[in-house]
**Q** 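What follows is a structure written as structure tokens; I'll ask about it next.
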Amino acid sequence: MIRTVFKVGETVTVKLTTQAGTQQRHALASLSGGAIFIEEKSEKAEQPGGVAAQAFTFKFVTPGKVEIQFACYHNNEEVVMEDKLIYFAYIPVEKTAADNINGISTAMGETIHNVDSGIVYLLLHDEFSLEKKKMGIPTWDAYLKVFRNCRFENVPAEIINLIPNMENMSVERIGLFQGKTTGKVYFCTGKKRYYITKPAIFDLVGLDTSKVQSVPDYMIADSFPIDAGLFLP
């Protein structure tokens with residue numbers, strides 16, 4: 001998995017390649033958000049027709065979303081814009097690293113960050129056993145559809161690995177929905193819906209109340225047919 005989440009102060013190096021002899025080069029076309037350009041280094045091809053590379057290094061200086069876009073050009077005339085690269089930077093909450101599963105959190109929905117891989121998970125409880133499980137957050141687009149900000153508890157990989165997986169968030173099918181008739185609010189992903197039992201859970205989990213969409217109850221049930229249980233207080 002390509003790392004897209006970084007702490008403020010960390011750097012990322014983007015390595016772009018071209019075939020030697022084609023006179024193609026890459027240049028930084030745009031940079032937005034809380035990152036600065038540090039340096040560019042070039043690597044020549046080891047043999048004619050081989051692969052040449054350019055390495056661009058950036059440093060994250062403020063939290064939030066960062067977009068980086070490169071242009072590939074040939075003879076300064078033919079220019080092709082590359083897809084934007086999207087990263088997120090955050091300021092970690094200073095906490096003592098957990099040394100066991102129970103030391104992470106007792107609050108349903110703690111967002112935990114694997115400090116070794118950069119992967120972020122939403123910590124859940126199984127409704128029936130109260131066992132802690134983790135839901136993987138695959139992309140930052142998915143994260144921003146339901147969460148308010150970037151607040152994680154850093155947890156070592158050896159602890160993360162002890163927590164069984166529940167599922168991963170769906171990249172496309174994810175959201176917060178409130179039934180117009182019942183008034184119940186659900187966190188929905190994939191085909192599952194999780195009932196949020198108390199408003200206080202929004203703050204505990206970091207869910208964004210402004211992103212709750214009011215829809216007919218039947219639409220929630222039809223779109224997310226699996227009742228996955230409760231977000232516990």
**Q** Would you check if the side chain of R148 reaches a backbone N or O of L207 as a donor-acceptor pair within less than 3.5 Å?
**A** yes
**Q** Return the minimal non-hydrogen interatomic distance between S170 and A142, and the atom names on each side.
**A** O-CB, 4.2 Å
**Q** Within a 6.0 Å radius of atom CG on D83, are there more than 12 heavy atoms belonging to other residues, nucleotides or ligands?
**A** no
**Q** Does NZ in K211 sit with more than 12 non-hydrogen atoms of other residues, nucleotides or ligands closer than 6.0 Å?
**A** yes
**Q** K192 side chain to A228 main-chain N or O, any donor-acceptor pair under 3.5 Å?
**A** no
**Q** Between R193 (side chain) and C188 (backbone), is there a donor-acceptor pair under 3.5 Å?
**A** no
**Q** Mind checking whether F70 and F58 have parallel, tilted or perpendicular rings, split at 30° and 60°?
**A** perpendicular
**Q** Quick one: does any side-chain atom of Q69 pair with a main-chain N or O of E82 as donor and acceptor, under 3.5 Å?
**A** yes
**Q** One thing to verify: whether E172 and K191 come together as a salt bridge, which I'm taking to mean a side-chain N less than 4.0 angstrom from a carboxylate O.
**A** no
**Q** Could you check whether D208 and S210, counting side-chain N and O atoms only, form a donor-acceptor pair closer than 3.5 Å?
**A** yes
**Q** If the test is ring pair (Phe, Tyr, Trp, His ring centres under 6.0 Å), which one of F177, F187, Y194 qualifies with F224?
**A** F177
**Q** Going by salt bridge (Lys or Arg N to Asp or Glu O under 4.0 Å), name the residues that satisfy it together with K59, two or more places apart in sequence or in a different chain.
**A** none
**Q** Salt bridge check, E43 against K15: does any charged N sit closer than 4.0 Å to a carboxylate O?
**A** yes
